[in-house]
Amino acid sequence: MVRLQFLGRTGTVIDDLLNDFLAETAEILAEAGGALVAWEADPADRAQLDAIFRLVHTIKGSSGFLALPRVTALSHAAEDALDQVRRGNHPANAALVTGVLGIIDRLNIVCAALGKDGVEPAGDDSDVIAALAEQDSTTETGYDVAGVPLRRDDDLEAELQSWRSIRVPLPLLDSVMTGVTDIVLARNEFARMLRDSGASPTVIASFDRLSDSIAGMRQSVSQMRMQRIDKLFAPLPRIVRDLAQDMSKKIVFQTSGGEVELDREMMENIRDPLIHIVRNAIDHGIEALEDRVAAGKDITATISVSARQSGNQIEIEIRDDGRGMSPDVLVAKAIASRAITAAEARTLSVKDKLELVFRPGFSTAAKITEVSGRGVGMDIVKANVEKIGGVVELRNDEGRGLTILLRVPMTLTIISGLMVRAAGQYFAIPRGAVREILLESGDTVRIDRVGGGELATVRGEQYPLLRLEKVLGRETSDDDDVDDRALVIVRPGQGQSYALSVAAIHDHEELVIKPAAPMIMATGLYAGTTLPDNGRPVLLLDVQGLVAAAAIDATETGRNHDQMAAAEAQANAARNAAQLLLFRDTNCRVRGVRLSVIERVEEVPASALFESAGRVQVQIGDEIFPVHTANLPEAEGSLKLLRLFDGQSVLCYPIAEVIDIVRLPDAVQPSAAPGLIAGVVLVSGEPVELIDPFWLMAQYAVLDAEAALNQPLCRLANDHDGWGGNFLAPILRSAGYRVVSDKDVVEEAPDVLLCLTDDGASCAHVGDEIPVIRLRSAIAAAGPDDETVYRYDRQALLDALARRIGGGRA
Amino acid sequence: MEKLYLIARIADTRVALRSRAINSVVTVGIPVEVPGAPPHVAGLFALRSRVFTLIDPHVVIGLSPVPVAAGQRVIVVDVADHGYALLADAIEDVCFIEAPETRVAGKLLPGWARVADGMIEHQGASLLVVDPSHFITLPALKAA
C-alpha cells in the first residue's frame with residue numbers, strides 16, 4: 001500500500017507533535033543542564049561534550065519542523081558555540097558554560113510559554129545569543145553572570161501539568177511488563193510441577209483458568225506497548241516539505257506500510273534516526289535541480305519510507321533517488337578529518353568505505369548547513385538502532401540513490417518460542433514462524449542429497465534443508481541421539497519456507513526477548529537473547545537471517561512439482577532462455593514482450609515523431625519507421641521507443657520506461673481473440689500483459705513487405721518526354737503497382753503495358769499475352785470503339801488497370 | 001571517586017581501570033557459547049535477569065583466546081546500553097591513586113596502544129590506564 005502523504009496536515013497532529021516536543025524538550029533541557037555542569041568540572045571529557053551537543057542538536061532539529069524560530073535560533077547558537085569547542089577552535093571555559101546555560105534558561109522560559117498558550121511567545125533573544133557570542137570571541141573572562149536568571153526546575157514542572165496528553169513513562173510500562181514476565185515464567189514452572197505431581201483435575205482446571213487470564217493480560221500489555229508506525233511517519237511529510245522549500249528542491253514523499261505495529265520503546269528509539277536519515281537524504285542525497293537535469297533524472301526527486309514486517313523484525317526502508325554516496329569522496333573526507341590514514345584507506349573495501357559515514361564526527365557535506373552536516377547523524381543513528389538490537393544497512397547505488405535499511409526487532413516483549421537443541425546447546429525459534437515439526441526418521445519425511453545440497457520432501461512438498469549445526473559452523477554433538485533429530489518447517493516470510501534440521505526439540509515456552517550486543521546481532525544469525533527459567537541465556541534464531549547465512553533460495557514458487565520434472569523443466573528453460581522484457585507503457589500499464597524481438601531501445605526527441613497519411617511515424621537517423629500509437633505525444637522532451645524487428649521491417653512501440661528483464665514464465669493465459677495482447681503471464685505474482693509481436697507486425701508490415709512481392713508490374717512504353725516517369729509513375733505506385741520504364745532492364749514479364757503514345761504500332765513488339773492500355777493526350781475519345789484512356793483521367797486509368805489485370809489496389 | 005581505580009590483570013597485563021567506568025565485578029559460571037560471533041565474544045551469561053556478553057580481552061589485544069574457568073571473575077561494564085563483561089585473569093585491588101594520569105611513554109604493542117588511555121604510577125609500578133569500552137570492538141570492526 002503506497003499512498004502519498006498530503007503535505008500540510010491538520011492542527012491535531014501538530015498539537016500532538018508540539019506536546020511531544022515540549023515533554024521531550026523539558027527532559028532534554030534538564031539533562032543538558034546537569035551535563036553542562038558536569039562537563040564544566042571536567043572540560044577534557046569529550047563524551048560529555050558530545051552528549052550535550054547532541055541534546056542541543058535534537059532540540060534544534062525538532063523545533064525546526066514545528067516552526068519555532070526562537071527555539072531554533074537559541075539552540076542553533078548554543079550548538080554553534082559547542083561545535084567550536086568540539087573542533088578545538090575555542091577552549092572550554094566557565095564563561096562559555098555560563099553562556100550556554102543562559103540559552104538553556106531562555107529555552108525553558110520560551111517552552112513554558114509555549115505549553116501554556118500553544119504559540120511561541122514574541123520576544124527578543126539577541127541578548128543571550130550575543131552574550132554567548134561574546135564569550136565565544138574572548139577567552140578567559142571568568143564568572144560574570146550578567147543578567148541571566150538561574151534556572152529553576154519547579155517553574156518548569158508547574159507548566160508540565162497543563163499539557164493535555166498523558167505521557168506514561170516507559171520505565172513504568174517496563175515495570176508492568178517485567179511483572180507480567182515474571183508471572184508468565186512462574187506459571188511455566190508451576191505448570192511443569194503440576195504435571196509432574198499428578199495433581200487432581202479440579203486443581204488443574206482452576207490452574208488453567210488462571211493461565212488463561214494471564215495469557216489475556218500478557219496480550220493487553222503487549223498491545224499497550226504497540227503502536228502503529230504511522231505515528232512515526234507523521235512528522236516526516238512536514239519536514240520534507242519545509243526542507244525542500246528551503247533548499248528549492250522538488251521532492252515527492254511517499255510512505256507505505258504505516259499499519260505495521262511496533263513496540264513503543266522501539267518507536268522512541270528510531271524516531272530521531274529516521275528524521276536524521278530523511279533530513280540527510282534531502283540535504284545531501286537529492287541533487288540541486290540543475291544537477292538532476294544534467295544527470296538525466298526526473299526533476300522531482302522521490303523519497304520513500306516504507307515499513308514491513310519480516311518475521312519478528314520490522315524493516316524500515318528509506319530510499320531516495322539522489323546522488324548516492326561516493327566511496328572515494330568518503331575516504332577523502334575521512335583522511336582530511338584525520339579519522340583514518342591514507343595507508344588504512346587503501347586496505348578498506350567498498351563496504352568499509354561506505355561505513356566510514358558511521359564514524360563519530362564524520363560529515364560528508366561540503367558545507368555546514370542549518371539542516372545537517374555537522375556529523376551528528378549517522379553515528380547516532382547507528383548507536384540508537386543498535387541499542388535496541390537493530391541493524392543499519394546501506395545500499396548505495398552511486399549516482400542513482402541511496403537506500404538505508406533499518407532492521408529492528410518488533411518488540412522486546414514476550415513471544416512464544418520453540419526451544420531446540422543443536423551442537424549441545426539450546427536455541428529458540430519464534431513459534432510464529434514454525435509451520436510444522438516432524439521427526440527426521442518419520443515415514444512422511446524423505447531426505448535427498450542433491451548436488452551437495454539437501455532436500456527434504458514432506459508429503460510431496462519439497463523444502464531446502466538446513467542443518468542448524470552447519471549454518472552455525474559447529475559440529476554435531478556426540479551426545480545427540482540420531483532418532484531425536486527433528487525437522488522444523490520454518491516460514492520466515494511470505495512465500496518462503498525451508499526445513500531446519502535440529503538435534504532435538506525441547507519444548508515451547510513464553511520467552512522474554514532482549515536485544516543482543518551489536519556484534520552478535522551483526523552475525524545476522526540471531527534476533528536476540530532470552531532468559532528461560534533455568535537461568536541460562538538462550539539465543540533466539542533469526543529465521544530470515546539463517547536463509548541468508550546458508551545462501552539458499554527459500555522461495556516457494558515453482559517448487560512443488562515432481563522433482564525430476566522440475567529439474568528437467570529447469571534445464572529446458574535455461575536452454576531456451578526465453579526472456580521477457582518488462583516495461584511500463586505510456587499509459588503506465590506494465591506489459592511485457594519477448595526480448596528476442598526487440599532490436600534495441602531508442603530514445604528520441606518527441607519532435608522526431610510526425611504524422612503522415614494517418615499514421616504516426618518516427619525519424620531515426622535518416623530512416624523512417626512506423627510507430628504503434630494513435631496520437632502524437634503531447635509532451636515535449638524525449639520518448640523511449642522499443643524497436644521491434646522481424647528480420648525485414650522495423651516497428652517502434654512507445655514506452656514510458658523499461659522495468660526489468662525476466663525469464664518468460666511457461667504458463668501464459670492466452671487472450672480470447674487475437675490482438676495486441678497475446679495473453680497474461682504472472683511475473684513475481686503480478687499479472688503482466690504480453691504483447692503479441694506477430695499481430696503487431698502484421699498491422700504495419702502488410703503495406704510494405706508483403707505487398708512488394710505481389711504488386712503488379714506496369715511497364716511504361718514510349719515514354720519519350722518523361723511524362724510517364726514524372727507524372728504517371730507516382731500515381732501508379734501509390735495505387736499499389738510497381739512501375740518500370742522502357743529503359744529499365746527487367747527479367748520479370750510485366751503484368752500490363754501502358755503505351756503513352758497514340759501510335760499503337762510502336763507497342764506491338766511486346767507480345768500478345770500482355771494486356772495493353774493506351775493513353776491518349778486528347779480529352780475527347782476518337783470514336784465509340786476507342787479503347788484508349790485520356791491520360792489525365794485518373795479514375796478511368798485505374799479502372800482500366802484493374803480490369804486488365806484483375807489486381808492492383810485502387 | 002575521580003581517583004578511584006580498579007587494579008586487575010587482564011590479558012596477562014596489570015592495568016588500572018577508572019572505577020566510574022565499571023558497573024561491578026562478579027564471578028561467572030560456564031557461559032553460553034555464541035556460534036558465529038566474532039572471536040573475542042567468549043559467550044553469554046545471565047546476571048540479575050540481564051544477559052551479558054562476555055569479552056575475552058586476550059583476543060582484543062591480539063593473543064589467542066583463553067577458556068573460561070567456572071568461578072572466574074569478570075568486570076561488568078555498560079557500553080551503549082548493552083551489558084558486557086571483560087574476563088579478568090585476576091582482580092587485585094580497588095584503591096585511590098593520587099598520582100596524575102600521564103601520557104603513554106614508549107611504544108606499546110598495537111593491540112594495547114588502541115585500548116590504553118594513559119599511564120599511572122602506583123606503588124612503584126607503572127600501570128596502563130585502559131578504557132573498558134575499547135575492548136568491546138575488535139580492531140578490524142572498529143574500522144567499519
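Naming convention: chains lettered A, B, ... in sequence-line order (proteins, then strands); numbering from 1 in each chain.
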Without swapping roles, check the side chain of A:Q425 against the backbone of B:E33 for a donor-acceptor pair under 3.5 Å.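 Checking the backbone N and O of B:E33 against the side chain of A:Q425, a donor-acceptor pair under 3.5 Å is found.
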Interface moiety of B:V34 toward chain A, non-hydrogen atoms closer than 4.5 Å: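 Both the backbone and the side chain of B:V34 come within 4.5 Å of chain A.
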Top contributor to chain B contacts, counting heavy-atom pairs under 4.5 Å, from A:V471, A:L354, A:T529: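 Greatest number of close heavy-atom pairs with chain B: A:T529.
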Does the side chain of B:T53 come within less than 4.5 Å of A:I520's, by heavy atoms?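 Yes; the side chains approach each other to less than 4.5 Å.
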Identify the heavy atoms of [X] and [Y] that sit nearest to each other, and give their distance.
| X | Y | answer |
| --- | --- | --- |
| B:P35 | A:L539 | CD-CD1, 4.3 Å |
| B:H82 | A:A516 | CE1-O, 3.2 Å |
| A:L525 | B:G36 | CD1-CA, 4.2 Å |

